[in-house]
Amino acid sequence: MYTKNEEELQCLGERLGCLLEKNDVLILTGELGAGKTTFTKGLAKGLQITQMIKSPTYTIVREYEGRLPLYHLDVYRIEGDADSIDLDEFLFGGGVTVIEWGHLLGDALPDTYLELEILKEEDGRRLNFQAKGLRAEKLLEELQHGV
Ligand code: ADP
Ligand code: MG
């Protein structure tokens, strides 16, 4: 997929946010400034979160209340050291978990998650989705076909 500006990226995030269910996990990859936090802002809208989304880069995790709770993590600073956070508290917390740089967590990742790689392409962004496990495949299908 491709989004041509920040607004379009947030819109796609919002669409995904509308489709999310309890215990869904999204991993975001892409260089600094790619738009991981921007995408999460849109996603939060789809979860009916009205609070302002701030980057969790320095706090590692931020929690928000919406249609479902959102656990927004950025594990860049802990270099994917999964033992330094209680990951299960989020993964099985009955909400939605979004992890920037989540691929760094390796083996600590759950069996099913959706991964989105955001690549800068001039003013726009190239989006590569990869679904791991059945639930993520279903979610990606719904997102792609607008069901
Ligand atoms: P990350 O969390 O990946 O480090 P952020 O979402 O915090 O990235 O920052 C992305 C920055 O890039 C924002 O300042 C945003 O305004 C800017 N930007 C410019 N063009 C785009 C675009 N097409 N899509 C997303 N962000 C964009
Ligand atoms: Mg960020």
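Here the structure is a predicted model, which is why all the values come from computation and not from measurement.
- One finds the CG atom of Leu26 at 7.5 Å from the CG atom of Leu20 (value rounded to the nearest 0.5 Å).
- Salt bridge status for Glu121 with Arg125: absent, with no side-chain N to carboxylate O gap under 4.0 Å.
- There is a path of hydrophobic side-chain contacts, each under 4.5 Å, that joins Leu16 to Leu70.
- The shortest distance between side-chain heavy atoms of Asp123 and Lys4 does not fall below 4.5 Å.
- In terms of heavy atoms, Ile60 sits closest to Arg77 at CD1-CB, 4.0 Å.
- Here the side chain of Lys36 pairs no donor or acceptor atom with the backbone of Thr29 at under 3.5 angstrom.
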Test side-chain contact (heavy atoms from CB on, under 4.5 Å) on Phe39 and Leu12 and set out the steps. CA-CA 8 Å; Phe39 184 85; Leu12 185 70; 4.1 Å; yes
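- Trp101 has its side chain within reach of Asp74: a pair of non-hydrogen atoms, C-beta onward, lies under 4.5 Å apart.
- Remark: Leu109 CG to Leu104 CG distance equals 9.5 Å, nearest 0.5 Å.
- No path of Ile, Leu, Val, Met, Phe, Trp and Tyr side chains, each step under 4.5 Å between heavy atoms, connects Leu68 with Leu91, placing them in separate hydrophobic clusters.
- No side-chain donor-acceptor contact under 3.5 Å links Thr37 to the backbone of Ser55.
- Linking ILVMFWY side-chain heavy atoms closer than 4.5 Å, directly or via other members, places Tyr71 and Tyr76 in a single hydrophobic cluster.
- Gly66 approaches Ile49 most closely through the heavy-atom pair CA-CG1, 3.6 Å.
- Within a 6.0 Å sphere centred on CD of Glu7, heavy atoms belonging to other residues, nucleotides or ligands number 12 at most.
- One finds the CZ atom of Phe129 at 9.0 Å from the CG atom of Leu139 (value rounded to the nearest 0.5 Å).
- Placement of Leu116 and Ile99 in two distinct hydrophobic clusters is found when ILVMFWY residues are connected by side-chain heavy-atom separations under 4.5 Å, directly or transitively.
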Applying side-chain contact (heavy atoms from CB on, under 4.5 Å), run through Leu143 and Arg15 and close with a yes or a no. CA-CA 7 Å; Leu143 183 69; Arg15 265 182 55 212; 4.1 Å; yes
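- To the nearest 0.5 angstrom, Lys22 atom NZ is 13.0 Å from Arg67 atom CZ.
- We find the CG-CD1 distance between Leu87 and Ile85 to be 5.0 Å, quoted to the nearest 0.5 Å.
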Test side-chain contact (heavy atoms from CB on, under 4.5 Å) on Val25 and Leu114; report intermediate values, then the result. CA-CA 6 Å; Val25 178; Leu114 186 62; over 6 Å; no
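- Looking only at atom types and distance, the side chain of His72 has a donor-acceptor partner in the side chain of Glu100 under 3.5 Å away.
- The heavy-atom pair separating Gly35 from Leu9 by the smallest distance is O-CD2, 3.7 Å.
- Formation of a donor-acceptor pair under 3.5 Å by the Asn23 side chain with backbone atoms of Gly94 is found in this model.
- Gln10 and Thr38 share no side-chain donor-acceptor pair at under 3.5 Å.
- Closest heavy-atom contact between Ala34 and Gly30: CB-C, 3.9 Å.
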Could you walk me through whether Tyr64 and Ile53 pass side-chain contact (heavy atoms from CB on, under 4.5 Å), step by step? CA-CA 8 Å; Tyr64 304 90; Ile53 302 297; 3.6 Å; yes
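- Looking at heavy atoms from C-beta onward, Thr40 lies in side-chain contact with Leu28 at the 4.5 angstrom threshold.
- Remark: Tyr2 OH to Leu127 CG distance equals 9.5 Å, nearest 0.5 Å.
- Two residues are said to be in side-chain contact when any heavy atoms from C-beta on lie closer than 4.5 Å; Met1 and Gln144 meet this criterion.
- A side-chain donor-acceptor contact under 3.5 Å links Thr97 to the backbone of Phe90.
- Annotation: Glu89, atom CD; neighbour count of heavy atoms from other residues, nucleotides and ligands within 6.0 Å is above 12.
- The side chain to side chain contact (heavy atoms under 4.5 Å, CB included) check on Glu21 picks up Asp24, Arg135, with sequence neighbours excluded.
- The two residues Ala131 and Leu140 come nearest to each other via the heavy atoms CB-CD2, 4.0 Å.
- Transitive grouping of hydrophobic side chains (ILVMFWY, heavy atoms separated by less than 4.5 Å) keeps Val61 and Val98 in distinct clusters.
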